[in-house]
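Notes follow once the structure below has been shown.
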Number of protein chains: 2
Amino acid sequence: MIAAQTNVNRIFHALGDPTRRAIVERLSVRGPLSASALAEPMGVTVTAITQHLRVLEDCRLVRTEKVGRVRSCRVEPSGLSVLTRWVDAQRTRWERRLDAMGAILDESDE
Amino acid sequence: MIAAQTNVNRIFHALGDPTRRAIVERLSVRGPLSASALAEPMGVTVTAITQHLRVLEDCRLVRTEKVGRVRSCRVEPSGLSVLTRWVDAQRTRWERRLDAMGAILDESDE
DNA sequence: CCAATAGTGAAGTGGTGGCTTCAGTATTAA
DNA sequence: TTAATACTGAAGCCACCACTTCACTATTGG
C-alpha cells in the first residue's frame, strides 16, 4: 500500500518532466534505442539522458540493458498501468460519492 | 495539437506534486470543500492551498467558485481524461510497433 | 459597528532538480 | 596498440517551485 503510494509519487514525478515524457513517447514509437540515439534529437547531453534513464528505470517505466558499450533502452508498458489505476480510482471515488448523494436525496424524498 | 501538448504538460506537472494530488484525491472522496477545509489535514497554510488551487484550476482538474467569503472546490472529473488519453496513446504506439515488427518477421519467413 | 472568519497578494527563502562540463572507464575498430 | 566511440560519476550552476510570513480585503455573526 505505502509502497504503491510512493511508486505513484515517483511515476507522476518522472512523467512530470517533458524530456522524460518525450523519452517514453519516443521509445514507444521507435523500438529499443541507445542513450545517444535518444539524446540526439532532444537537444540535451548524453549525460542528461543517462540521468533521466535512471529515474525512468527506478519507477519501472523503462527497462535498459547494457550490451557492450551501448545501453539499449525500451519502454516497460506495464509501468503505465499505475497511472491508469490511479485515474480509475479517482473516477470510482467520484461516482461513489455521487451515488451516496443520490441515496441521501432519495431518503429525504420518502 | 500544440495546445493539447501544453495541457498534457501542465496536467502532469500539476499532478506531479504530492500535495496537489492529495487535494484531487480528497475532493474525489469528500465532496466540495473550502480552501481551509483542504488545508487543515494537509499540514500546510491556506495560502499554499490557494496557490495549488490556482494551478489545478488552470489545467481544469478542479473547479472552484467563491460563494460569500468561502471558496468552494470540486474536482472536474473530465480533466483526468487527458491523462488516460496519453497513456492509451503510448499503448497504441507500442502495440503498433510490435505489429510492424511481426509483419517484418512474417515477410522474412516467406 | 466590531470582531471573527476566509481568503488573497506580495515578497522572500530553501531545496530540488535538470542541465552542463570535465575527467574518467570500458568497449570496439583500425 | 592506438584511436574513436559510448557511456558514467562527480561537481557545480541556475532556475523554478513549494512554502512561509505578513499585511490586507471581503464577508458574516453578535
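Scope of the values below: all heavy atoms of this structure, side chains included, with no hydrogens, waters or symmetry mates. This one's a predicted model, so the numbers in the text were calculated from it and none came from an experiment. Residue numbers start from 1 in every chain, and the chains themselves are labelled A, B, ... in the order their sequence lines are given, proteins ahead of strands.
- A sub-4.0 Å separation between OP1 or OP2 of D:dT8 and a side-chain N or O of A:T50 is present.
- Regarding contacts with the backbone of C:dG7, a side-chain N or O of B:S36 is found under 4.0 angstrom from either OP1 or OP2.
- In this structure the side chain of B:W86 reaches within 4.5 angstrom of the side chain of A:V24, judged on heavy atoms.
- Atom C1' of nucleotide C:dT5 and atom CD of B:E40 are separated by 16 Å, given to the nearest angstrom.
- Using a 4.0 Å heavy-atom criterion, one finds that B:A48 contacts the bases of the nucleic acid, with or without backbone contacts as well.
- Note on B:T64: every side-chain N or O is 4.0 Å or more away from OP1 and OP2 of C:dG7.
- Residue B:I49 contributes atom CD1, which lies 11 Å from atom P of C:dT8 at whole-angstrom precision.
- Checking the phosphate oxygens (OP1, OP2) of D:dT8, a side-chain nitrogen or oxygen of A:R71 falls inside 4.0 Å.
- With B:T45 contributing its side chain and B:A48 its backbone, the two residues share no donor-acceptor pair below 3.5 Å.
- In the model, A:T64 has a side-chain atom that pairs as donor or acceptor with a side-chain atom of A:E57 under 3.5 Å.
- Summarising the geometry, the separation between CG on A:L53 and P on D:dC7 is reported as 9 Å, rounded to the nearest angstrom.
- In this model, no side-chain donor or acceptor of B:Q51 finds a partner on the base of C:dT8 within 3.5 Å.
- Side-chain nitrogen and oxygen atoms of A:T19 include none within less than 4.0 Å of the OP1 or OP2 phosphate oxygen of C:dG18.
- Taking the six-membered ring where tryptophan is involved, the planes of A:F12 and B:F12 are tilted, since the angle between them lies from 30° to 60°.
- Straight-line distance from the CG atom of A:L38 to the C1' atom of D:dT8: 16 Å, rounded to whole Å.
- B:T47 comes within contact range of at least one nucleobase, with a heavy-atom separation under 4.0 Å.
- Rounded to a whole Å, the NZ atom of A:K66 is 7 Å from the C1' atom of D:dT8.
- Rounded to the nearest 0.5 Å, atoms NE2 (B:H13) and CZ (A:R21) are 11.0 Å apart.
- As rounded to whole Å, 13 Å separates atom P of C:dG7 from atom CD of B:E57.
- OP1 and OP2 of C:dG17 both lie 4.0 Å or more from every side-chain N or O belonging to A:H52.
- Using a 4.0 Å heavy-atom cutoff across all strands shown, B:R54 reaches no nucleic acid atom at all.
- Not one side-chain nitrogen or oxygen of A:R69 sits closer than 4.0 Å to the OP1 or OP2 atom of D:dA4.
- Heavy atoms of A:T45 sit under 4.0 angstrom from at least one base atom.
- In this entry the distance linking CZ of A:R10 with P of C:dT16 reads 17 Å, nearest Å.
- Of the candidate nucleotides D:dA18, C:dT8, D:dC7, D:dC7 has the atom lying nearest to any side-chain atom of A:V70.
- Annotation: side chain of B:L27 is in contact with side chain of B:L38 (closest heavy-atom distance under 4.5 Å).
- Counting to the nearest Å, the P atom of C:dG18 and the NE2 atom of B:H13 are 11 Å from each other.
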